[in-house]
Amino acid sequence: MNKKRRIWRGLALLNPKNLAREVHIYGYHFSWKAHSAWILGALIGSCMLGLLLQLEAIYVVIIVAAVSLVLPILVLDMYKRMYEQKRFGDVVAYMEQMLYSFRKTGKVTGALKETRELFPEGQMRKCIDAAICHMELGKPKTAQGVLVEGLELVEEHYGCAKLTMVHELLRTTEAYGGEAEASILMILEDIEAWKKRKYQLQAEKKKFHVDNLISIVVAVILCAVALYVLEAMRQMFGTGDTTSIFSISVIQVSSTVFIMLLLRILVKSTKELTEDWLNESDVHTAGYVMHSYDLVVNYENGGNRRENIWLIAVLILITIISFIWKKAVLAGIAVMLLGGVLVYHKMAYRLAKKDVTEAMYLALPQWLIELMLLLQHNNVQVALAKSVDGAPPVLRNELNLLRERISQSPGELQTYTGFCQKFDLPEVSGCMKMLHAFSENGTGDLSVQMNQLLARVRQMQESADAIRDGKIAFQMKLIFSYPVLAAIIKLLIDLTVGMVLMLQVLGNIGGA
């Protein structure tokens with residue numbers, strides 16, 4: 001949603017009917033009584049802030065207007081947070097029950113019917129009913145068939161990669177048969193670890209949100225106390241001047257802007273709690289990661305360095321000419337620019353490689369789990385080919401290169417260990433060696449081999465989760481410093497004004 005649409009949507013929420021309608025979309029009811037209580041509380045809070053900082057009526061009106069704009073967003077975010085938590089719980093319960101039921105029935109439709117009884121009326125039950133109805137009707141709309149189309153009716157409402165993975169396991173097992181016990185247990189363990197990690201992350205975010213609220217309150221109190229101390233000092237050394245420090249225009253404006261900044265910080269902190277639980281937040285955008293990946297590959301192939309030869313040559317030429325003409329300043333500038341060009345690309349390369357390595361580390365565990373599921377019914381080459389389309393973008397080029405190497409030298413160990421070799425991913429080498437063994441020796445005792453591979457994947461998953469959750473938690477924790485920074489700026493303004501007043505008072509005393 002672009003910025004203009006967000007603004008219009010925020011203004012539309014000022015209408016209580018629109019706000020109630022948006023809350024209803026999340027499955028909750030927001031009454032007029034509750035709306036009135038929120039408005040009354042916001043007005044009282046705004047007026048108390050105005051009285052505390054002794055703001056003039058115009059500035060109180062500005063704050064009231066700002067609070068009125070922010071209030072519907074905060075209310076909606078509160079319901080959205082509850083909605084996301086319920087949605088996450090529904091998907092986890094659905095996946096677990098589907099896997100347990102499928103172990104008994106061996107049929108997707110039978111598992112869906114058992115799972116449906118777990119849910120009362122709501123979005124999940126509607127999706128399951130629609131899937132069952134489509135499957136039993138038996139009229140496919142595409143070449144995929146009713147089974148895939150029915151499961152997609154559930155997937156499209158939740159957009160969860162793990163849900164798609166569970167459906168793929170159930171579909172392929174029903175279509176091709178075979179023993180799925182090991183795969184089901186593997187997915188159940190993965191879901192349990194994912195669920196535990198998500199709840200732990202949300203608990204941390206809630207804790208940081210409370211810290212942010214405390215930071216905002218402390219910032220207001222600190223700045224208010226500073227103003228009252230300055231006012232007391234002015235009165236102590238006053239010379240009959242009745243002008244209060246609170247009434248000075250700079251103080252009035254800075255206090256208003258300060259409150260507006262704190263409101264913005266409050267909204268930002270609340271927004272961090274409303275993120276989609278079902279999708280893993282990427283540390284960097286896909287576009288940035290792919291741009292960084294191209295930069296690393298091109299740099300190692302000499303592409304980026306060749307592109308800048310002409311610029312380096314021009315700067316060297318300018319430096320030489322400047323020395324000949326004895327233009328020391330121009331020569332110094334040219335030398336600095338030359339050094340900057342030479343250092344910049346090396347630094348950009350290192351940063352890009354670090355970010356791509358991190359993105360790959362986050363993407364690899366889930367892809368490896370999906371590959372392990374494909375290996376239940378396919379050989380290594382076919383499983384790799386099928387995994388490409390569903391793989392994260394940062395891995396697709398490396399996967400295509402791996403497939404090319406396999407087509408040229410299928411039996412060579414280096415064919416597999418060359419996967420992501422440009423990046424520092426030591427765990428990948430062990431996984432690729434196992435894939436090479438699968439390819440050369442067959443799957444043999446599949447459960448033993450899968451357990452060995454799964455142990456490596458779990459270790460990588462734990463490290464990847466620590467990286468991702470650490471960065472998400474850090475972003476939330478960083479908000480704690482924003483009110484402190486705003487308070488420091490506000491205090492600097494207030495103390496500067498107070499110092500000027502004190503100098504005037506001392507000057508008047510000295511003149512008297």
| query | Nearest 0.5 Å, what's the OG-CD distance between Ser407 and Gln381? | reply | 10.0 Å
| Which heavy atom in Ala359 sits nearest to a heavy atom in Val289, and how many Å separate them? | CB-CG1, 3.8 Å
| query | Within the distance-only criterion (no hydrogens, no angle test), does the side chain of Ser215 pair as donor or acceptor with the backbone N or O of Phe480 below 3.5 angstrom? | reply | yes
| said: Less than 4.0 angstrom from a charged side-chain N to a carboxylate O is my criterion; do Asp77 and Arg81 meet it? | reply: no
| remark: So the salt bridge (charged side-chain N to carboxylate O under 4.0 Å, His left out) pairs with at least one residue in residues 133-154 (sequence neighbours excluded) are Lys113-Glu136
| query | Do Thr173 and Phe102 touch side chain to side chain, with heavy atoms closer than 4.5 Å? | reply | yes
| query | Phe88 and Trp194: aromatic ring centres closer than 6.0 Å? | reply | yes
| request: Determine whether Lys386 and Leu371 make a side-chain contact, defined as any pair of heavy atoms from C-beta on separated by less than 4.5 Å. | output: no
| message | Could you measure the distance from the CD atom of Glu96 to the OG1 atom of Thr115? Nearest 0.5 Å is fine. | response | 11.0 Å
| query | Can you find a heavy atom in the side chain of Arg264 that is under 4.5 Å from one in the side chain of Val70? | reply | no
| task | Applying side-chain contact (heavy atoms from CB on, under 4.5 Å), run through Leu213 and Leu266 and close with a yes or a no. | result | CA-CA 7 Å; Leu213 295 180; Leu266 175 62; 3.2 Å; yes
| request: For Arg125 and Pro120, indicate whether the former's side chain and the latter's backbone hold a donor-acceptor pair under 3.5 Å. | output: no
| said: Within this structure, what is the OG1-NZ distance for the pair Thr270 and Lys268, rounded to the nearest 0.5 Å? | reply: 11.5 Å
| query | Can we say Lys207 and Glu204 salt-bridge, meaning some charged N sits less than 4.0 Å from an Asp/Glu carboxylate O? | reply | no
| Between Lys104 and Glu114, does at least one N-O distance fall below 4.0 Å, as a salt bridge requires? | yes
| query | Mind checking whether Phe423 and Val296 have side chains closer than 4.5 Å, heavy atoms only? | reply | yes
Show me the donor-acceptor pairs, under 3.5 Å and distance only, between side chains in residues 105-112 and residues at least two apart or in other chains.
from, atom 1, to, atom 2, distance (Å)
Thr105, OG1, Ser101, O, 3.2
Thr105, OG1, Lys107, N, 3.3
Thr105, OG1, Lys107, O, 3.1

| Counting only N and O atoms by type, is there a donor-acceptor contact under 3.5 Å from the side chain of Ser269 to the main-chain atoms of Ile265? | no
| note | For Pro140 and Val146 the tightest heavy-atom approach is N-CG1, 3.4 Å
| side-chain contact (heavy atoms from CB on, under 4.5 Å) between Asp190 and Met165, worked out | CA-CA 11 Å; Asp190 181 56; Met165 183 175 64; 3.9 Å; yes
| said: Distance check, rounded to the nearest 0.5 Å: Leu69 atom CG versus Leu263 atom CG? | reply: 10.0 Å
| request: Would you mind listing every salt bridge (charged side-chain N to carboxylate O under 4.0 Å, His left out) that reaches into residues 391-415, with sequence neighbours excluded? | output: none
| query | Which pair of non-hydrogen atoms, one from Val394 and one from Ala363, has the smallest distance, and what is that distance? | reply | CG1-CB, 4.2 Å
| remark: All heavy atoms of Thr417 vs all of Lys433, minimum pair found to be CG2-CG, 4.0 Å
| request: State yes or no: are the ring centers of Phe419 and His436 separated by less than 6.0 Å? | output: no
| About how many Å separate CD of Glu168 and CD of Glu155, when rounded to the nearest 0.5 Å? | 9.0 Å
| Roughly how far, to the nearest 0.5 Å, is the CD1 atom of Ile479 from the NZ atom of Lys205? | 9.5 Å
| message | Measuring only between side-chain heavy atoms, which start at C-beta, is Glu272 closer than 4.5 Å to His209? | response | no
| request: State, with a plain yes or no, whether a side-chain heavy atom of Met360 is found less than 4.5 Å away from one of Val356. | output: yes
| Aromatic ring proximity Tyr158/Tyr94, centre distance under 6.0 Å | no
| Between Tyr26 and Tyr79, does the ring centre distance come in under 6.0 Å? | no
| request: Check the pair Leu163 / Leu151 against side-chain contact (heavy atoms from CB on, under 4.5 Å), numbers first and verdict last. | output: CA-CA 10 Å; Leu163 178 60; Leu151 293 175; over 6 Å; no
| said: Are the side chains of Val148 and Thr142 in contact, using a 4.5 Å heavy-atom criterion? | reply: no
| Considering all heavy atoms of both residues, which atom of Thr274 and which atom of Lys80 are nearest to each other, and what is their separation? | O-CE, 3.6 Å
| note | Correct closest heavy-atom pair for Leu399 and Leu384 would be CD2-CD2, 4.3 Å
| field | Check: Thr415 side chain, Ile406 main-chain N or O, donor-acceptor pair, under 3.5 Å | value | no
| said: Run the side-chain contact (heavy atoms from CB on, under 4.5 Å) test on Ile128 and Leu153 for me, step by step, so that the C-alpha distance in whole Å, both residues' side-chain angles and the decisive distance to 0.1 Å come before the verdict. | reply: CA-CA 8 Å; Ile128 296 174; Leu153 293 175; over 6 Å; no
| Any Leu395 side-chain heavy atom under 4.5 Å of Val388 side chain | no
